[in-house]
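Sequence lines set the chain letters: A, B, ... in the order given, protein chains first and strands last, and positions in each chain run from 1.
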Amino acid sequence: MATLAINPSIKEIWSWLEGVPDPEIPVVSVVELGIVRDVVRDGDSIVITVTPTYSGCPATAVIAIDIEQAIRRHGVDDVRINTQLSPAWTTDWITDGAREKLKAYGIAPPVEDTPCAGALRVRTPINCPLCNSTNTECISQFGSTPCKAHYRCKDCLEPFDYFKSF
Amino acid sequence: MTADPIFEFALRMGDNCLVLGQSVSAWCGHAPILEEDIALANVALDLIGQTRMWLGLAGEVEGKGRSADDLAFLRDARAFRNCLLVEQPNGDFGQTLMRQFLFDAWHHPMLKTLAGATDVRIAEIAEKSVKEAAYHLDRSTDLIVRLGDGSDESHHRMQAALDGLWSYTGELYAADATDEAIVVAGLSDIEEQYKDYTSKTFDEATLTIPDATFMHKGGKAGLHTEALGPLLADMQILQRSHPGAQW
(Lines give C-alpha, C1' and ligand atoms only; values in the text may rest on other atoms or scores of the structure.)
Protein backbone atom coordinates (compact mmCIF):
# COMPACT_ATOMS: atom_id res chain seq x y z
CA MET A 1 0.00 0.00 0.00
CA ALA A 2 1.26 3.40 -0.92
CA THR A 3 1.76 5.76 1.95
CA LEU A 4 1.81 9.49 1.77
CA ALA A 5 5.38 10.75 1.67
CA ILE A 6 4.04 14.04 2.92
CA ASN A 7 0.81 14.84 4.61
CA PRO A 8 -0.83 17.78 2.86
CA SER A 9 -4.02 19.37 4.10
CA ILE A 10 -7.05 19.47 1.83
CA LYS A 11 -6.53 23.23 1.65
CA GLU A 12 -2.97 22.73 0.39
CA ILE A 13 -4.15 20.35 -2.30
CA TRP A 14 -6.68 22.93 -3.49
CA SER A 15 -3.85 25.45 -3.73
CA TRP A 16 -1.82 23.00 -5.87
CA LEU A 17 -4.82 22.55 -8.15
CA GLU A 18 -5.08 26.31 -8.52
CA GLY A 19 -1.75 26.04 -10.31
CA VAL A 20 -3.14 23.65 -12.96
CA PRO A 21 -4.02 25.70 -16.07
CA ASP A 22 -6.80 24.82 -18.48
CA PRO A 23 -5.03 23.24 -21.49
CA GLU A 24 -6.97 25.34 -24.02
CA ILE A 25 -7.15 28.62 -22.08
CA PRO A 26 -3.97 28.64 -19.97
CA VAL A 27 -4.67 32.01 -18.28
CA VAL A 28 -7.27 30.39 -16.04
CA SER A 29 -6.96 27.37 -13.78
CA VAL A 30 -9.15 24.27 -13.68
CA VAL A 31 -10.29 25.40 -10.21
CA GLU A 32 -11.31 28.87 -11.42
CA LEU A 33 -13.33 27.29 -14.23
CA GLY A 34 -15.25 25.19 -11.72
CA ILE A 35 -14.03 21.89 -13.17
CA VAL A 36 -12.70 20.62 -9.81
CA ARG A 37 -15.73 19.84 -7.64
CA ASP A 38 -14.28 18.17 -4.58
CA VAL A 39 -11.08 17.01 -2.91
CA VAL A 40 -11.27 14.34 -0.22
CA ARG A 41 -8.99 11.86 1.47
CA ASP A 42 -9.89 8.18 1.24
CA GLY A 43 -7.44 6.32 3.47
CA ASP A 44 -4.05 6.98 1.92
CA SER A 45 -5.55 8.14 -1.38
CA ILE A 46 -6.44 11.60 -2.48
CA VAL A 47 -9.67 11.55 -4.49
CA ILE A 48 -10.31 14.50 -6.76
CA THR A 49 -13.76 14.88 -8.28
CA VAL A 50 -13.89 16.63 -11.63
CA THR A 51 -16.75 17.34 -14.00
CA PRO A 52 -16.48 17.57 -17.79
CA THR A 53 -17.32 20.91 -19.41
CA TYR A 54 -18.64 19.58 -22.75
CA SER A 55 -19.13 15.83 -23.09
CA GLY A 56 -16.89 15.55 -26.16
CA CYS A 57 -14.29 18.12 -25.16
CA PRO A 58 -10.84 16.62 -25.83
CA ALA A 59 -9.40 18.77 -23.03
CA THR A 60 -11.22 16.66 -20.43
CA ALA A 61 -8.73 13.76 -20.66
CA VAL A 62 -5.78 16.17 -20.65
CA ILE A 63 -7.14 17.92 -17.56
CA ALA A 64 -7.36 14.62 -15.65
CA ILE A 65 -3.73 13.82 -16.53
CA ASP A 66 -2.56 17.35 -15.66
CA ILE A 67 -4.27 17.17 -12.26
CA GLU A 68 -2.75 13.78 -11.49
CA GLN A 69 0.71 14.98 -12.44
CA ALA A 70 0.39 18.16 -10.39
CA ILE A 71 -0.48 16.16 -7.28
CA ARG A 72 2.34 13.67 -7.90
CA ARG A 73 4.81 16.52 -8.38
CA HIS A 74 4.08 17.50 -4.79
CA GLY A 75 5.02 14.05 -3.58
CA VAL A 76 1.61 12.38 -3.37
CA ASP A 77 1.52 9.22 -5.49
CA ASP A 78 -1.83 7.79 -4.56
CA VAL A 79 -4.28 10.04 -6.39
CA ARG A 80 -7.57 9.08 -7.97
CA ILE A 81 -9.71 11.10 -10.37
CA ASN A 82 -13.44 10.65 -10.02
CA THR A 83 -15.64 11.97 -12.84
CA GLN A 84 -19.03 13.35 -11.92
CA LEU A 85 -21.79 14.28 -14.41
CA SER A 86 -24.36 15.79 -12.08
CA PRO A 87 -24.82 18.60 -11.27
CA ALA A 88 -23.80 19.40 -14.85
CA TRP A 89 -21.01 21.91 -15.27
CA THR A 90 -22.17 25.47 -15.76
CA THR A 91 -20.36 28.69 -16.63
CA ASP A 92 -21.96 30.14 -13.46
CA TRP A 93 -19.14 28.37 -11.62
CA ILE A 94 -16.43 30.42 -13.32
CA THR A 95 -15.03 32.78 -10.68
CA ASP A 96 -15.13 36.57 -11.00
CA GLY A 97 -11.33 36.66 -11.07
CA ALA A 98 -11.26 34.20 -13.96
CA ARG A 99 -13.79 36.31 -15.88
CA GLU A 100 -11.41 39.28 -15.64
CA LYS A 101 -8.50 37.10 -16.81
CA LEU A 102 -10.50 35.78 -19.76
CA LYS A 103 -11.33 39.33 -20.82
CA ALA A 104 -7.71 40.45 -20.54
CA TYR A 105 -6.76 37.41 -22.66
CA GLY A 106 -9.19 38.51 -25.40
CA ILE A 107 -12.10 36.18 -24.63
CA ALA A 108 -15.42 37.81 -23.69
CA PRO A 109 -16.69 36.17 -20.47
CA PRO A 110 -20.15 34.52 -20.37
CA VAL A 111 -23.32 36.54 -19.80
CA GLU A 112 -26.92 35.40 -19.24
CA ASP A 113 -29.69 34.57 -21.73
CA THR A 114 -28.45 31.25 -22.87
CA PRO A 115 -30.09 28.65 -25.11
CA CYS A 116 -29.56 26.34 -22.12
CA ALA A 117 -31.99 28.48 -20.11
CA GLY A 118 -34.57 28.26 -22.90
CA ALA A 119 -33.64 31.48 -24.71
CA LEU A 120 -33.28 29.99 -28.20
CA ARG A 121 -32.07 32.27 -30.98
CA VAL A 122 -31.53 35.20 -28.63
CA ARG A 123 -28.29 37.00 -29.39
CA THR A 124 -27.39 38.96 -26.27
CA PRO A 125 -25.10 41.95 -26.89
CA ILE A 126 -21.59 40.93 -25.92
CA ASN A 127 -18.97 43.56 -25.07
CA CYS A 128 -15.89 43.45 -27.26
CA PRO A 129 -13.04 42.38 -24.95
CA LEU A 130 -10.64 44.66 -26.87
CA CYS A 131 -12.47 48.00 -27.14
CA ASN A 132 -15.51 47.40 -24.87
CA SER A 133 -17.96 48.33 -27.64
CA THR A 134 -21.40 46.69 -27.52
CA ASN A 135 -21.66 47.05 -31.29
CA THR A 136 -20.77 43.41 -31.92
CA GLU A 137 -22.35 40.54 -33.81
CA CYS A 138 -22.42 36.77 -33.44
CA ILE A 139 -20.81 35.06 -36.43
CA SER A 140 -21.36 31.54 -35.14
CA GLN A 141 -22.41 29.94 -31.86
CA PHE A 142 -19.63 27.42 -32.45
CA GLY A 143 -16.05 28.63 -32.30
CA SER A 144 -12.51 27.37 -31.91
CA THR A 145 -13.42 25.09 -28.97
CA PRO A 146 -16.79 23.66 -27.88
CA CYS A 147 -17.08 26.26 -25.11
CA LYS A 148 -16.63 29.31 -27.31
CA ALA A 149 -18.71 31.22 -29.85
CA HIS A 150 -17.30 33.37 -32.61
CA TYR A 151 -18.06 37.12 -32.59
CA ARG A 152 -17.00 40.22 -34.48
CA CYS A 153 -16.72 43.80 -33.24
CA LYS A 154 -18.25 46.27 -35.67
CA ASP A 155 -16.36 49.21 -34.15
CA CYS A 156 -12.76 48.03 -33.85
CA LEU A 157 -13.44 45.40 -36.55
CA GLU A 158 -11.61 42.66 -34.65
CA PRO A 159 -12.97 39.12 -34.43
CA PHE A 160 -13.07 37.67 -30.92
CA ASP A 161 -14.05 34.58 -28.96
CA TYR A 162 -16.97 34.60 -26.56
CA PHE A 163 -17.01 32.05 -23.75
CA LYS A 164 -20.61 31.03 -24.22
CA SER A 165 -23.04 30.76 -21.37
CA PHE A 166 -23.69 27.11 -20.53
CA MET B 1 -38.26 -8.61 -25.13
CA THR B 2 -35.26 -10.37 -23.63
CA ALA B 3 -32.73 -7.61 -23.02
CA ASP B 4 -32.90 -5.19 -20.09
CA PRO B 5 -34.97 -2.21 -21.33
CA ILE B 6 -32.33 0.19 -20.01
CA PHE B 7 -29.70 -1.55 -22.15
CA GLU B 8 -31.93 -1.24 -25.22
CA PHE B 9 -32.84 2.34 -24.42
CA ALA B 10 -29.23 3.42 -23.84
CA LEU B 11 -28.30 1.80 -27.17
CA ARG B 12 -31.02 3.79 -28.94
CA MET B 13 -29.90 7.09 -27.45
CA GLY B 14 -26.22 6.27 -27.98
CA ASP B 15 -26.59 4.90 -31.50
CA ASN B 16 -28.54 7.99 -32.58
CA CYS B 17 -25.66 10.16 -31.39
CA LEU B 18 -22.99 7.87 -32.83
CA VAL B 19 -24.46 7.49 -36.31
CA LEU B 20 -25.33 11.17 -36.62
CA GLY B 21 -21.98 12.25 -35.15
CA GLN B 22 -20.11 10.00 -37.58
CA SER B 23 -22.05 11.35 -40.59
CA VAL B 24 -21.73 14.99 -39.57
CA SER B 25 -18.00 14.68 -38.94
CA ALA B 26 -17.55 13.78 -42.63
CA TRP B 27 -18.18 17.48 -43.39
CA CYS B 28 -14.99 18.48 -41.59
CA GLY B 29 -12.91 20.31 -44.20
CA HIS B 30 -15.76 20.30 -46.77
CA ALA B 31 -18.43 22.68 -45.46
CA PRO B 32 -19.52 25.65 -47.61
CA ILE B 33 -17.96 28.21 -45.26
CA LEU B 34 -15.36 28.04 -42.51
CA GLU B 35 -17.78 28.94 -39.68
CA GLU B 36 -20.12 26.14 -40.68
CA ASP B 37 -17.22 23.73 -40.96
CA ILE B 38 -16.31 24.51 -37.35
CA ALA B 39 -19.93 24.35 -36.21
CA LEU B 40 -20.49 20.95 -37.84
CA ALA B 41 -17.32 19.56 -36.29
CA ASN B 42 -18.34 20.92 -32.87
CA VAL B 43 -21.80 19.38 -33.09
CA ALA B 44 -20.29 16.06 -34.17
CA LEU B 45 -17.87 16.23 -31.23
CA ASP B 46 -20.69 16.81 -28.73
CA LEU B 47 -22.61 13.88 -30.22
CA ILE B 48 -19.63 11.54 -30.00
CA GLY B 49 -19.08 12.65 -26.39
CA GLN B 50 -22.71 11.84 -25.62
CA THR B 51 -22.33 8.50 -27.39
CA ARG B 52 -19.56 7.57 -24.98
CA MET B 53 -21.85 8.19 -22.00
CA TRP B 54 -24.87 6.30 -23.41
CA LEU B 55 -22.92 3.33 -24.75
CA GLY B 56 -20.87 3.30 -21.55
CA LEU B 57 -24.14 2.94 -19.64
CA ALA B 58 -25.37 0.24 -22.05
CA GLY B 59 -22.20 -1.78 -21.52
CA GLU B 60 -22.45 -1.38 -17.76
CA VAL B 61 -26.11 -2.49 -17.67
CA GLU B 62 -25.42 -5.43 -19.97
CA GLY B 63 -22.69 -6.63 -17.62
CA LYS B 64 -20.71 -8.60 -20.19
CA GLY B 65 -17.67 -6.38 -20.05
CA ARG B 66 -18.33 -4.61 -23.36
CA SER B 67 -17.00 -1.05 -23.39
CA ALA B 68 -18.50 1.89 -25.28
CA ASP B 69 -15.82 1.34 -27.95
CA ASP B 70 -16.67 -2.37 -28.26
CA LEU B 71 -20.32 -1.49 -28.78
CA ALA B 72 -19.51 1.21 -31.32
CA PHE B 73 -16.99 -0.68 -33.40
CA LEU B 74 -17.84 -4.36 -33.09
CA ARG B 75 -21.58 -4.58 -33.69
CA ASP B 76 -23.20 -5.26 -37.05
CA ALA B 77 -25.95 -3.11 -38.54
CA ARG B 78 -28.69 -5.44 -37.28
CA ALA B 79 -27.61 -4.75 -33.68
CA PHE B 80 -27.79 -0.96 -34.07
CA ARG B 81 -30.82 0.71 -32.51
CA ASN B 82 -30.67 4.21 -34.00
CA CYS B 83 -33.71 5.68 -35.70
CA LEU B 84 -33.74 5.68 -39.51
CA LEU B 85 -33.58 9.48 -39.74
CA VAL B 86 -29.99 9.79 -38.52
CA GLU B 87 -28.60 7.21 -40.96
CA GLN B 88 -29.96 9.01 -44.03
CA PRO B 89 -27.05 10.20 -46.21
CA ASN B 90 -25.50 13.65 -45.82
CA GLY B 91 -26.63 14.69 -49.31
CA ASP B 92 -26.09 18.40 -49.90
CA PHE B 93 -25.61 20.91 -47.07
CA GLY B 94 -29.38 21.53 -47.01
CA GLN B 95 -30.12 17.86 -46.47
CA THR B 96 -27.50 17.56 -43.71
CA LEU B 97 -28.97 20.61 -42.01
CA MET B 98 -32.57 19.45 -42.35
CA ARG B 99 -31.68 16.05 -40.89
CA GLN B 100 -29.97 17.84 -38.00
CA PHE B 101 -32.93 20.10 -37.35
CA LEU B 102 -35.45 17.24 -37.47
CA PHE B 103 -33.27 15.36 -34.98
CA ASP B 104 -32.48 18.34 -32.68
CA ALA B 105 -36.16 19.29 -32.45
CA TRP B 106 -36.78 15.85 -30.91
CA HIS B 107 -33.46 15.37 -29.09
CA HIS B 108 -33.72 18.56 -27.03
CA PRO B 109 -37.20 18.01 -25.50
CA MET B 110 -36.42 14.31 -25.14
CA LEU B 111 -33.29 14.98 -23.07
CA LYS B 112 -35.09 17.65 -21.08
CA THR B 113 -37.73 15.07 -20.19
CA LEU B 114 -35.20 12.33 -19.47
CA ALA B 115 -33.38 14.58 -17.00
CA GLY B 116 -36.29 13.71 -14.71
CA ALA B 117 -35.98 9.94 -15.21
CA THR B 118 -36.23 7.65 -12.20
CA ASP B 119 -33.02 5.89 -13.23
CA VAL B 120 -30.36 8.27 -11.97
CA ARG B 121 -27.80 7.18 -14.62
CA ILE B 122 -30.18 8.13 -17.43
CA ALA B 123 -31.10 11.37 -15.67
CA GLU B 124 -27.45 12.40 -15.24
CA ILE B 125 -26.50 11.77 -18.87
CA ALA B 126 -29.60 13.67 -20.02
CA GLU B 127 -28.89 16.58 -17.65
CA LYS B 128 -25.40 16.87 -19.13
CA SER B 129 -26.40 16.42 -22.78
CA VAL B 130 -29.44 18.69 -22.86
CA LYS B 131 -27.28 21.80 -22.58
CA GLU B 132 -25.31 20.81 -25.67
CA ALA B 133 -28.52 19.88 -27.51
CA ALA B 134 -29.90 23.38 -26.76
CA TYR B 135 -27.05 24.94 -28.73
CA HIS B 136 -27.53 22.41 -31.55
CA LEU B 137 -31.22 23.27 -31.81
CA ASP B 138 -30.46 26.98 -31.61
CA ARG B 139 -28.15 26.72 -34.60
CA SER B 140 -30.20 24.35 -36.74
CA THR B 141 -33.43 26.32 -36.19
CA ASP B 142 -31.70 29.55 -37.11
CA LEU B 143 -30.27 28.11 -40.32
CA ILE B 144 -33.52 26.39 -41.34
CA VAL B 145 -35.29 29.75 -41.14
CA ARG B 146 -32.52 31.66 -42.91
CA LEU B 147 -32.11 29.19 -45.75
CA GLY B 148 -35.81 28.28 -46.06
CA ASP B 149 -36.73 31.96 -46.22
CA GLY B 150 -33.60 32.80 -48.21
CA SER B 151 -32.86 32.78 -51.93
CA ASP B 152 -34.90 30.76 -54.46
CA GLU B 153 -32.08 28.24 -54.63
CA SER B 154 -31.74 27.78 -50.85
CA HIS B 155 -35.54 27.62 -50.42
CA HIS B 156 -35.81 24.97 -53.11
CA ARG B 157 -33.05 22.87 -51.56
CA MET B 158 -34.48 23.08 -48.04
CA GLN B 159 -37.97 22.15 -49.27
CA ALA B 160 -36.53 19.19 -51.20
CA ALA B 161 -34.68 18.07 -48.05
CA LEU B 162 -37.85 18.35 -45.95
CA ASP B 163 -39.87 16.41 -48.57
CA GLY B 164 -37.28 13.64 -48.51
CA LEU B 165 -36.81 13.37 -44.74
CA TRP B 166 -40.16 14.13 -43.11
CA SER B 167 -41.38 10.52 -43.33
CA TYR B 168 -38.49 9.45 -41.08
CA THR B 169 -39.59 11.63 -38.16
CA GLY B 170 -42.51 9.55 -36.87
CA GLU B 171 -40.19 6.90 -35.50
CA LEU B 172 -38.54 9.42 -33.17
CA TYR B 173 -41.54 9.85 -30.89
CA ALA B 174 -43.45 6.60 -31.55
CA ALA B 175 -42.98 4.94 -28.17
CA ASP B 176 -42.84 1.15 -27.82
CA ALA B 177 -42.46 -1.15 -24.81
CA THR B 178 -38.76 -0.23 -24.37
CA ASP B 179 -39.47 3.49 -24.28
CA GLU B 180 -42.40 2.96 -21.94
CA ALA B 181 -40.24 0.93 -19.53
CA ILE B 182 -38.20 4.08 -18.87
CA VAL B 183 -40.01 5.62 -15.97
CA VAL B 184 -40.24 9.32 -16.58
CA ALA B 185 -43.05 11.84 -16.55
CA GLY B 186 -43.84 13.64 -19.80
CA LEU B 187 -42.59 11.11 -22.36
CA SER B 188 -45.98 11.04 -24.07
CA ASP B 189 -45.89 14.83 -24.57
CA ILE B 190 -42.83 14.72 -26.84
CA GLU B 191 -44.85 14.09 -30.01
CA GLU B 192 -46.97 17.19 -29.50
CA GLN B 193 -43.97 19.32 -28.58
CA TYR B 194 -42.15 18.06 -31.68
CA LYS B 195 -45.03 18.80 -34.03
CA ASP B 196 -45.61 22.25 -32.52
CA TYR B 197 -41.97 23.27 -32.69
CA THR B 198 -41.30 21.98 -36.19
CA SER B 199 -44.49 23.42 -37.70
CA LYS B 200 -43.82 26.81 -36.10
CA THR B 201 -40.26 26.81 -37.45
CA PHE B 202 -41.30 25.68 -40.94
CA ASP B 203 -43.95 28.45 -41.05
CA GLU B 204 -41.27 31.01 -40.30
CA ALA B 205 -38.97 29.36 -42.84
CA THR B 206 -41.74 29.42 -45.51
CA LEU B 207 -41.38 25.66 -45.90
CA THR B 208 -44.27 23.22 -46.24
CA ILE B 209 -44.54 19.91 -44.38
CA PRO B 210 -45.51 17.17 -46.89
CA ASP B 211 -49.15 16.03 -46.87
CA ALA B 212 -48.40 12.30 -46.86
CA THR B 213 -48.82 10.80 -43.41
CA PHE B 214 -46.90 7.53 -43.95
CA MET B 215 -43.97 7.20 -41.54
CA HIS B 216 -41.04 4.77 -41.87
CA LYS B 217 -39.96 2.80 -38.85
CA GLY B 218 -37.70 -0.11 -37.95
CA GLY B 219 -34.44 1.40 -36.78
CA LYS B 220 -35.27 1.03 -33.08
CA ALA B 221 -35.72 -2.71 -33.70
CA GLY B 222 -32.52 -3.03 -35.76
CA LEU B 223 -34.18 -3.00 -39.20
CA HIS B 224 -32.24 -0.39 -41.11
CA THR B 225 -32.13 1.27 -44.52
CA GLU B 226 -29.32 0.55 -46.98
CA ALA B 227 -27.46 3.68 -45.88
CA LEU B 228 -26.31 2.26 -42.53
CA GLY B 229 -24.09 -0.56 -43.82
CA PRO B 230 -21.60 1.61 -45.75
CA LEU B 231 -21.49 4.11 -42.86
CA LEU B 232 -20.57 1.36 -40.39
CA ALA B 233 -18.05 -0.17 -42.80
CA ASP B 234 -16.28 3.16 -42.99
CA MET B 235 -16.44 3.76 -39.24
CA GLN B 236 -15.51 0.24 -38.11
CA ILE B 237 -12.87 -0.86 -40.62
CA LEU B 238 -9.89 -0.06 -38.44
CA GLN B 239 -11.10 -2.01 -35.41
CA ARG B 240 -12.35 -4.85 -37.61
CA SER B 241 -9.06 -5.12 -39.51
CA HIS B 242 -6.78 -4.56 -36.53
CA PRO B 243 -8.73 -5.72 -33.46
CA GLY B 244 -7.74 -3.88 -30.29
CA ALA B 245 -5.67 -1.25 -32.12
CA GLN B 246 -5.13 1.86 -30.01
CA TRP B 247 -3.85 5.36 -30.63
Ring pair (Phe, Tyr, Trp, His ring centres under 6.0 Å): pairs with one or both residues in residues 127-159 of chain A, sequence neighbours excluded: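 Every pair satisfying ring pair (Phe, Tyr, Trp, His ring centres under 6.0 Å) with a residue in residues 127-159 of chain A: A:Tyr151-A:Phe160, A:Tyr151-A:Tyr162.
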Got a sec, which pairs hit salt bridge (charged side-chain N to carboxylate O under 4.0 Å, His left out) with one end in residues 118-137 of chain A, sequence neighbours left out? A:Arg121-B:Asp142, A:Arg121-B:Glu204, A:Arg123-B:Asp138, A:Glu137-A:Arg152
When you measure from the side chain of [X] to the backbone of [Y], do you find a donor-acceptor pair of N or O atoms at a distance under 3.5 Å?
X: B:Asn42; Y: A:Gly143; result: yes
X: B:Glu132; Y: A:Ser55; result: yes
X: B:Lys128; Y: A:Pro87; result: no

Between [X] and chain B, which part of the residue has a heavy atom less than 4.5 Å away: side chain, backbone, both or neither?
X: A:Ser140; value: side chain
X: A:Thr53; value: backbone
X: A:Thr60; value: neither

Would the number of heavy atoms belonging to other residues, nucleotides or ligands and lying under 6.0 Å from NZ of A:Lys148 be above 12?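 Yes, because the 6.0 Å sphere around NZ of A:Lys148 holds more than 12 heavy atoms from other groups.
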Crowded around B:Ile237 CD1? As in, over 12 foreign heavy atoms under 6.0 Å?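 No.
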If you count heavy-atom pairs under 4.5 Å with chain B, which of A:Cys57, A:Pro52, A:Ser86 comes out on top?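 With the most close heavy-atom pairs to chain B, the winner is A:Ser86.
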Hey, which of A:Ala149, A:Gly118, A:Pro58, A:Gly56 has the most heavy atom pairs under 4.5 Å with chain B? A:Gly56
Considering all heavy atoms of both residues, which atom of A:Cys116 and which atom of B:Lys131 are nearest to each other, and what is their separation?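 That closest heavy-atom pairing would be SG-O, 3.5 Å.
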